[in-house]
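When a residue number appears, it is its place in the shown sequence, counting from 1.
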Amino acid sequence: MGNVPRLAVWKFSSCDGCQLTLLDCEDELLALAGKIEIGYFLEASSRELPPPYDLSLVEGSIAAAADLERIRRVREQSRHLVTIGACATAGGVQALRNLASLPEYQAVVYARPEYIDSLDHSTPISAHVPVDLELRGCPIDKWQLLEVITAYLADRKPDIPTHSVCFECKLRGTTCVTVAHGTPCLGPVTQAGCGAICPAYGRGCYGCFGPMETPNTRALLPLLHRDGVADADAARLYRTFNAEAPAFADAARQAAEDDG
């Protein structure tokens, strides 16, 4: 296909939800079909084209020894590498194992844990190779994903917001669930991108898009306490989707220490 940009999509330790977000783009992908060439995307096709790849989208965390060599190879083969989803950007839900003994988890979950080959920690892609952009979410937002792909095709910087979910609530005219109802919410410290779905339905934000650009996560702890969240629960709330995100990890540590 000549000079048509080549896209690759890679899976590491994850649930595949962020790759499915790409497949769910459907009509929008048809518009891109003539402008890109899919070089590697096993979720969609068994067809493989040789590297190099102009843009690699990487889903999942590094959780097994084989992942270490593979992600280095992907980086070498890719002009741009973008991590997609909470697993790739912050270790994901599976990074909760970092807080305890891996053998203990394996003994509980698996009948024959000796057959399991896993690293002690689940870590984000950026802990091992340089990353050009991190696209947050569990799962990611399809419109943000399309913005990233089209931006790299046009050789420009993607326009991805770094402000908080509170900003999105204001834009859609959603009443603040914390102010109006005393509902615990991580919206003030969580990056926008989901469209403030949870607050729109009367629930507090769970923080699945990770910390915003300049979050004051510790300052939110007293407000969570006021709304009935115990220290141990606040620690779990910060760790759920983004256990390895520094700002959330710091607040979780503080809450755990206060729980003492």
Side-chain angles (χ1 to χ4, degrees), residues 13-15 61-63 83 85-105 108-109 119-127 134 136-140 161-169 174-194 196-260:
S13 295
S14 62
C15 71
S61 65
I62 302 301
T83 52
C87 294
T89 62
V93 173
Q94 62 267 30
L96 292 172
R97 78 186 194 201
N98 301 355
L99 305 170
S101 166
L102 179 60
E104 289 180 17
Y105 282 140
V108 170
V109 174
L119 297 172
D120 288 339
H121 287 70
S122 171
T123 49
I125 301 299
S126 61
E134 293 185 333
R136 310 279 191 78
C138 186
I140 54 174
T162 57
H163 51 251
S164 73
V165 171
C166 293
F167 191 88
E168 291 189 319
C169 281
T174 299
T175 299
C176 178
V177 295
T178 297
V179 173
H181 309 294
T183 302
C185 181
L186 292 186
V189 296
T190 299
Q191 182 166 300
C194 63
I197 297 172
C198 289
Y201 287 90
R203 300 189 301 266
C205 170
Y206 291 92
C208 51
F209 270 65
M212 60 174 288
E213 188 171 41
T214 54
N216 193 345
T217 49
R218 288 194 179 205
L220 187 62
L221 288 173
L223 191 58
L224 293 174
H225 296 157
R226 185 205 69 183
D227 293 331
V229 179
D231 285 313
D233 294 327
R236 282 193 289 269
L237 189 60
Y238 272 122
R239 287 168 175 158
T240 303
F241 296 98
N242 295 273
E244 289 294 305
F248 278 16
D250 174 68
R253 259 191 317 271
Q254 182 60 53
E257 290 171 3
D258 291 345
D259 187 50

Step-by-step side chain to side chain donor-acceptor pair (under 3.5 Å) determination, Gln254 to Asp258: CA-CA 6 Å; Gln254 182 60 53; Asp258 291 345; 2.9 Å; yes
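- Nearest heavy atom pair, residue Ala234 against residue Val229, reads N-CG1, 3.5 Å.
- Separating the OH atom in Tyr206 from the CD1 atom in Ile197 is a distance of 12.5 Å, to the nearest 0.5 Å.
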Counting only pairs under 3.5 Å, give me each side-chain donor-acceptor contact of residues 174-193, with atom names and distances, residues two or more places apart or in other chains.
residue	atom	partner	partner atom	Å
Thr178	OG1	Thr183	O	2.8
Thr190	OG1	Leu186	O	2.8
Gln191	NE2	Pro161	O	3.4

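- Taking each heavy atom of Glu244 and Asn98 in turn, the nearest pair found is OE2-ND2, 2.9 Å.
- Partners of Arg226 according to the salt bridge (charged side-chain N to carboxylate O under 4.0 Å, His left out) rule, which considers only residues two or more places apart in sequence or in another chain, do not exist here.
- Here the CZ-OG1 distance, from Phe248 to Thr240, works out to 10.0 Å after rounding to the nearest 0.5 Å.
- The structure places CD1 of Ile140 at 12.0 Å from SG of Cys208, a figure rounded to the nearest 0.5 Å.
- Here the CG atom belonging to Asn216 is positioned 12.0 Å from the OG atom belonging to Ser164, to the nearest 0.5 angstrom.
- Nearest approach of Ala86 to Cys138, heavy atoms of both residues: CB-CB, 4.1 Å.
- The minimum heavy-atom distance linking Ala255 with Leu221 is given by the pair CB-CD2, 4.1 Å.
- Remark: Leu96 CG to Phe241 CZ distance equals 10.0 Å, nearest 0.5 Å.
- Residue Gln94 comes nearest to Ser122 through the heavy atom pair CG-OG, 3.2 Å, listed as atom of the first residue, atom of the second, then distance.
- Taking OG of Ser101 as the reference point, atom CG of Asp120 lies at 8.0 Å (rounded to 0.5 Å).
- Closest of all the heavy-atom pairs between Arg136 and Pro211 is NH1-O, 2.7 Å.
- Remark: the backbone N or O of Ala247 is paired with a side-chain donor or acceptor of Thr217 at under 3.5 angstrom.
- Looking at His225 and Asp231, their side chains come closer than 4.5 Å, going by heavy atoms from C-beta outward.
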